[in-house]
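It should be emphasised that the depicted structure is a prediction, and the values quoted were computed from it without experimental measurement.
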Protein chains: 2
Amino acid sequence: MLDLGVLGERVQELRAERGLTLQELADRSSVSVSMLSSVERAAKAPTVTVLSRIADGLGVPLAKLVTEPAQDRVIVRRAADQDVSDHPGGWRRTILSPVVPGVNVELLRTELPPGCDAGDFPAYASGSHEYVVVQEGTLVLTVDEQRLTLTAGDSAYFAADVVHGFANPGPEPCSYYITALIMRPRGGGPTRP
Amino acid sequence: MLDLGVLGERVQELRAERGLTLQELADRSSVSVSMLSSVERAAKAPTVTVLSRIADGLGVPLAKLVTEPAQDRVIVRRAADQDVSDHPGGWRRTILSPVVPGVNVELLRTELPPGCDAGDFPAYASGSHEYVVVQEGTLVLTVDEQRLTLTAGDSAYFAADVVHGFANPGPEPCSYYITALIMRPRGGGPTRP
DNA sequence: GATGCAGTTCTCCTATAGCGAAACGGAGGG
DNA sequence: CCCTCCGTTTCGCTATAGGAGAACTGCATC
């Protein structure tokens with residue numbers, strides 16, 4: 001259940017960060033000063049439309065105002081304990097991120113031998129996205145019919161709600177890191193193939 | 001700006017997925033049938049409290065209902081364009097993640113010369129967390145008085161709401177990748193009388 | 001065609017979100 | 001001390017969110 005107090009604090013904090021007065025935020029967001037004050041003090045529950053305008057005025061996505069995360073301790077995985085999976089195509093994937101309840105982040109390292117195509121990955125749920133950074137070699141990234149060639153040091157971001165594939169067409173091995181934030185449709189489907 | 005039509009469709013879709021009737025969802029969410037119908041048809045704009053109850057009834061986080069699917073395409077940063085910052089201590093940090101509105105993820109690569117201590121980083125807001133994977137060399141990770149030695153291939157996860165530091169005590173260079181999910185600070189403000 | 005039933009929409013009515021403007025309170029400045 | 005400025009809170013008033021139940025719709029079965 002949403003805590004209006006937390007919501008109010010969050011709005012106030014974001015406004016303070018930007019050095020805005022109630023009046024200035026009111027102008028930016030087309031929400032009255034009095035309403036803003038009420039929301040910050042949790043005196044009233046704004047409608048989604050009003051809260052959306054407030055989020056716009058603050059320059060943050062609406063979701064930012066209503067999500068609250070969890071926290072944990074330090075978890076280490078030694079190189080020897082890493083979860084390495086060798087695939088039929090000859091490529092190898094290492095899942096570097098420990099499983100943390102409530103956090104849908106995965107940090108992966110993938111090694112593609114020369115000429116190897118790791119194939120296509122399905123479109124994940126809406127809202128999923130991935131960061132890629134190439135460590136060495138050449139990576140051809142395919143995102144929804146769009147092909148991109150990345151070399152060592154290049155990084156890329158894409159929304160992973162479309163089909164996407166990875167291939168190494170070059171004569172040298174390719175390795176790259178992926179940070180994936182995967183939204184899961186309810187029912188707890190399997191993790192990345 | 002939030003589109004009530006989209007919101008309504010989303011609620012209806014989620015309800016259909018679960019095979020719930022308006023009445024059943026009303027019972028689960030403590031929101032009247034008529035209000036649910038109005039929201040689905042975008043006839044009324046619910047308050048955040050009501051929408052939060054609806055989200056609970058559907059078993060999805062509130063943010064799920066208000067996040068608009070990223071319509072972004074691929075964003076690439078070439079190695080030559082990377083945002084590299086050299087620090088006084090002799091270490092170098094490369095910010096690999098393009099700035100994506102609404103996503104508070106950072107993907108970084110850091111290079112520490114032999115014997116270099118990058119110093120301490122402050123405690124971030126509660127809920128922040130980081131993944132670290134060592135590419136080469138030896139990294140001493142300090143998290144809230146706890147010291148850990150990581151070598152190539154090791155990865156670690158920790159909640160970043162405490163002071164944490166990175167150092168390379170070895171005779172060889174050390175490089176590592178960090179995926180950071182940083183939450184906005186909040187709650188530090190003074191309470192009004 | 002009538003009857004029953006499950007799901008959805010419409011019809012009031014009350015509580016409150018939301019706005020404009022006035023009132024309040026603190027930090028300088030005279 | 002008194003005034004002025006600036007930001008915040010409070011005060012009425014209006015529009016609308018929200019609840020309870022009636023009315024409608026579609027689809028079976030008799």
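Side-chain atoms of A:Thr21 lie closest to D:dT8 of the nucleotides C:dG7, D:dT8, D:dG18.
A donor-acceptor pair is defined here as one N or O able to donate and one able to accept, closer than 3.5 Å; no such pair exists between the side chain of B:Asp117 and the backbone of B:Ala167. Remark: the backbone N or O of B:Ser37 is not paired with any side-chain donor or acceptor of B:Glu40 at under 3.5 angstrom.
Outside the 6.0 Å centre-distance limit, the rings of B:Tyr131 and B:Tyr177 are not counted as a close aromatic pair.
The shortest distance between the side-chain N/O atoms of A:Arg15 and the OP1/OP2 oxygens of D:dG7 is not below 4.0 Å. Between B:Arg41 and C:dC10 there is a side-chain N or O to OP1 or OP2 distance below 4.0 Å. The side chain of A:Arg53 places no N or O atom within less than 4.0 Å of a non-bridging phosphate oxygen (OP1 or OP2) of C:dG18.
Rounded to an integer number of Å, the gap from A:Leu22 CG to C:dG20 P is 15 Å. Rounded to whole Å, atom P of D:dG7 lies 15 Å from atom CD of A:Gln12. In this structure, CG of B:Leu51 is placed 19 Å from P of D:dT16, rounded to the nearest angstrom. Rounded to whole Å, the distance from NZ on B:Lys44 to P on C:dA15 is 15 Å. Between A:Gln23 atom CD and D:dT9 atom C1' the separation is 14 Å, expressed in whole Å.
Of the residues in residues 24-40 of chain B, those lying under 4.0 Å from DNA chain C by heavy-atom distance are B:Val33, B:Ser34, B:Ser37.
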Any protein N or O atoms within reach of nucleotides 22-26 of chain D? Criterion: under 3.5 Å, listing atom names and distances.
none

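Contact between A:Ala45 and B:Thr49 at its shortest, heavy atoms only, is CB-CG2, 3.7 Å. Pairing each heavy atom of A:Gly57 with each of A:Ser29, the nearest pair is CA-CB, 4.0 Å.
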| Stepwise side-chain contact (heavy atoms from CB on, under 4.5 Å) test for B:Leu25 and B:Leu58 | CA-CA 7 Å; B:Leu25 180 55; B:Leu58 288 169; 3.9 Å; yes
| request: List the steps, then state whether side-chain contact (heavy atoms from CB on, under 4.5 Å) holds for A:Arg15 with A:Leu22. | output: CA-CA 8 Å; A:Arg15 180 169 62 86; A:Leu22 285 176; 3.6 Å; yes
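The same ILVMFWY cluster, assembled from side-chain heavy atoms under 4.5 Å apart, contains both B:Val60 and B:Val11.
We find that A:Arg109 and A:Glu111 are joined by a salt bridge, their nearest charged nitrogen and carboxylate oxygen being less than 4.0 Å apart.
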